[in-house]
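Reminder, nothing fancy here: chain letters follow the sequence lines and each chain counts from 1.
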There are 2 protein chains.
Amino acid sequence: MTQVKPMRADARRNYERLLKAAAEAFAEHGEGASLDDIAKRAGVGSGTLYRHFPTRQALLEAAYVDRIKALSGRADELGRELPPGEALVAWLNELCVGIIQVRGMKALLGSAVTDDGVAAVTACGTHVRAAATRLVGAAQREGTLRADVEPIDVLRLVHGVATAAELANADGSGTRRYVSLLTEGLRPVRS
Amino acid sequence: MTQVKPMRADARRNYERLLKAAAEAFAEHGEGASLDDIAKRAGVGSGTLYRHFPTRQALLEAAYVDRIKALSGRADELGRELPPGEALVAWLNELCVGIIQVRGMKALLGSAVTDDGVAAVTACGTHVRAAATRLVGAAQREGTLRADVEPIDVLRLVHGVATAAELANADGSGTRRYVSLLTEGLRPVRS
DNA sequence: TCGTGAACCGGGGCCCTCTCCGTATCCTGT
DNA sequence: ACAGGATACGGAGAGGGCCCCGGTTCACGA
């Protein structure tokens with residue numbers, strides 16, 4: 001399923017160089033980085049870029065798929081190390097930090113949890129949703145998470161909280177506080 | 001303070017037409033609407049648009065300042081009609097719906113609560129922050145809102161929740177649910 | 001009515017996205 | 001080793017957006 005025909009050598013080379021250039025450019029200028037510029041950095045024509053990655057979304061996804069997989073992997077690690085409820089909170093914190101620190105990942109994860117019926121099936125989205133489903137399910141069985149929320153709700157809310165934290169501090173230092181406001185709620189703790 | 005020199009008649013006319021055209025265009029195409037197109041709709045040259053509104057932000061603000069004031073006014077109405085805690089929740093819901101339904105207002109309110117140190121003092125931001133401060137203070141005195149949150153935190157989180165609700169449904173029908181997840185928290189209700 | 005300067009207009013420079021097709025490069029079978 | 005087809009490349013160009021500038025128009029006050 002991955003690649004029925006092996007890519008031609010030059011195609012593969014250009015593909016790799018584009019990914020590297022894209023990661024640099026997105027880190028530098030955010031998700032709006034110029035695609036022509038990325039092509040230039042990679043030393044290829046713009047047509048080549050568009051052949052490999054028909055949309056900006058596709059390029060973003062290819063550039064960050066490793067990081068997304070790593071984050072999804074962390075979900076399982078945390079699930080093994082901590083009780084379900086704490087694992088979920090810890091993972092949400094890491095996710096939030098990742099979204100803010102790695103410029104461009106926000107748009108990617110955002111589109112992964114968008115309900116537009118089309119193209120919702122992205123590789124990144126699948127990984128993240130699967131990870132969230134495991135942690136959410138465990139926490140709900142344990143009773144430390146409301147039973148009426150879906151994994152995708154949690155992901156959307158974290159995306160939102162990351163947006164909020166970003167407004168407060170571009171460096172994401174206040175992330176933890178905002179995540180806890182979400183998990184605990186705005187009401188005072190009832191003793 | 002508003003306008004030291006009265007505007008020339010044609011300037012005033014063009015200003016008004018631009019605002020009308022802008023409101024239409026933003027409603028139609030979202031906050032990214034083409035500025036040249038707005039100028040064309042208004043029947044003025046693009047230079048005129050840029051003289052009146054040096055930035056897209058300025059135009060957004062001018063186009064929606066009425067709506068923002070209305071929302072801020074609603075805060076006081078609700079404060080009179082309901083107990084503080086309920087008033088705050090009701091207002092947050094209205095705010096959230098407004099952010100989603102009126103395309104373009106999201107960016108505006110977002111920038112109003114951004115901590116970038118520069119240009120944070122916008123007319124819209126001032127109104128909304130003042131309204132939030134009143135409701136938040138009352139709810140905290142009543143004891144139905146955590147004492148450790150600032151009004152601006154609440155506004156940022158609502159902005160984030162609106163983002164989340166938007167991901168779920170472009171029409172904002174699930175807004176109420178997401179707002180309540182924020183106010184109640186993700187933990188189960190402890191009886 | 002008329003002079004003056006504020007306000008307008010829209011063309012043009014610059015940058016971005018995305019497509020098209022002639023050309024260069026690679027791969028395979030002999 | 002090499003011919004020939006398959007594959008990928010490149011970069012110009014169309015289309016559109018942002019924004020500024022210089023000549024022109026027109027509202028206002030005397």
Side-chain angles (χ1 to χ4, degrees), chain A residues 2-64 103-104 107-108 110-111 118-119, chain B residues 2-63 103-104 107-108 111 118-119:
Chain A
T2 45
Q3 191 70 28
V4 248
K5 275 247 179 150
M7 288 173 96
R8 230 171 70 172
D10 53 347
R12 165 123 237 120
R13 191 169 55 242
N14 284 333
Y15 184 92
E16 305 289 0
R17 301 173 90 186
L18 278 168
L19 279 191
K20 193 150 160 279
E24 280 175 27
F26 286 138
E28 207 165 306
H29 302 113
E31 55 159 323
S34 156
L35 297 184
D36 268 14
D37 177 57
I38 290 176
K40 233 171 230 110
R41 280 183 198 234
V44 307
S46 52
T48 300
L49 187 157
Y50 286 101
R51 192 161 340 93
H52 285 301
F53 310 102
T55 65
R56 178 182 296 273
Q57 221 23 247
L59 181 54
L60 265 176
E61 174 150 357
Y64 289 127
R103 304 180 61 172
L108 180 55
S111 76
V118 188
Chain B
T2 44
Q3 191 70 27
V4 245
K5 273 244 178 150
M7 290 172 95
R8 226 172 71 176
D10 53 346
R12 166 123 235 120
R13 191 171 54 241
N14 284 333
Y15 184 92
E16 304 288 1
R17 301 174 89 185
L18 279 168
L19 279 190
K20 193 149 161 279
E24 279 176 26
F26 286 138
E28 206 166 309
H29 301 113
E31 55 158 326
S34 157
L35 296 185
D36 273 16
D37 177 57
I38 291 176
K40 231 169 233 116
R41 281 183 196 234
V44 307
S46 51
T48 300
L49 187 156
Y50 289 102
R51 190 161 352 87
H52 284 302
F53 309 101
T55 65
R56 178 183 294 275
Q57 219 27 245
L59 181 53
L60 266 175
E61 174 150 356
R103 305 180 63 173
L108 180 55
S111 77
V118 188

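Taking atom CG on Leu49(B) and atom P on dC9(C), their separation rounds to 11 Å, with Å as the unit. To the nearest angstrom, P of dC18(C) lies 11 Å from CG of Leu59(A). One can place CE of Met7(A) at 10 Å from C1' of dA8(D), the figure rounded to the nearest angstrom. Arg13(A) has its CZ atom 9 Å from the P atom of dC9(D), to the nearest Å. In this structure, CD of Gln57(A) is placed 12 Å from P of dC18(C), rounded to the nearest angstrom. Separating the CD1 atom of Ile38(A) from the P atom of dC16(C) is a distance of 11 Å, rounded to the nearest angstrom. Put simply, CZ on Arg17(B) is 15 Å from C1' on dA7(C), counting in whole angstrom units. Nucleotide dC26(C) holds its C1' atom 6 Å from the CG atom of Asp10(A), rounded to whole Å.
Under a 4.0 Å N-O distance rule, the pair Arg41(A)/Asp37(A) qualifies as a salt bridge.
For Ser46(B) and Gly47(A), each mapped to the nucleotide of DNA chain D holding its nearest heavy atom, the one lying further toward the 5' end belongs to Gly47(A).
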What's the verdict on side chain to side chain contact (heavy atoms under 4.5 Å, CB included) for Val44(A) and Tyr15(A), showing C-alpha distance, side-chain angles and the deciding distance? CA-CA 10 Å; Val44(A) 307; Tyr15(A) 184 92; over 6 Å; no
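As judged by a 4.0 angstrom heavy-atom cut-off over every strand, Asp36(B) is placed among the base-contacting residues. Within 4.0 Å (heavy atoms only), Arg51(A) reaches at least one base atom of the nucleic acid.
For Arg56(A) (side chain) and Ala33(A) (main-chain N/O), a donor-acceptor pair under 3.5 Å exists by modelled atom type.
Remark: Asn14(A) is not in phosphate contact with dA8(D), judged by side-chain N or O atoms under 4.0 Å from OP1 or OP2. Contact check, Thr48(A) against dG10(D): a side-chain N or O comes under 4.0 Å of OP1 or OP2. A close approach under 4.0 Å does not occur between any side-chain nitrogen or oxygen of Arg8(B) and OP1 or OP2 of dC26(D). Distances shorter than 4.0 Å separate none of the side-chain N or O atoms of His52(B) from OP1 or OP2 on dA7(C).
One distance of note links CZ of Phe53(B) with CG of Leu19(B); it measures 4.5 Å at 0.5 Å rounding.
Within residues 22-35 of chain A, the residues approaching DNA chain C are Ala33(A), Ser34(A), Leu35(A), by heavy-atom distance under 4.0 Å.
The shortest non-hydrogen separation linking Ile38(A) to Ala21(A) is O-CB, 3.7 Å.
The side-chain heavy atoms of Arg12(B) and Glu16(B), taken from C-beta on, include a pair separated by under 4.5 Å.
Ring geometry for Tyr64(A) versus Phe26(A): interplanar angle of 30 to 60°, hence tilted.
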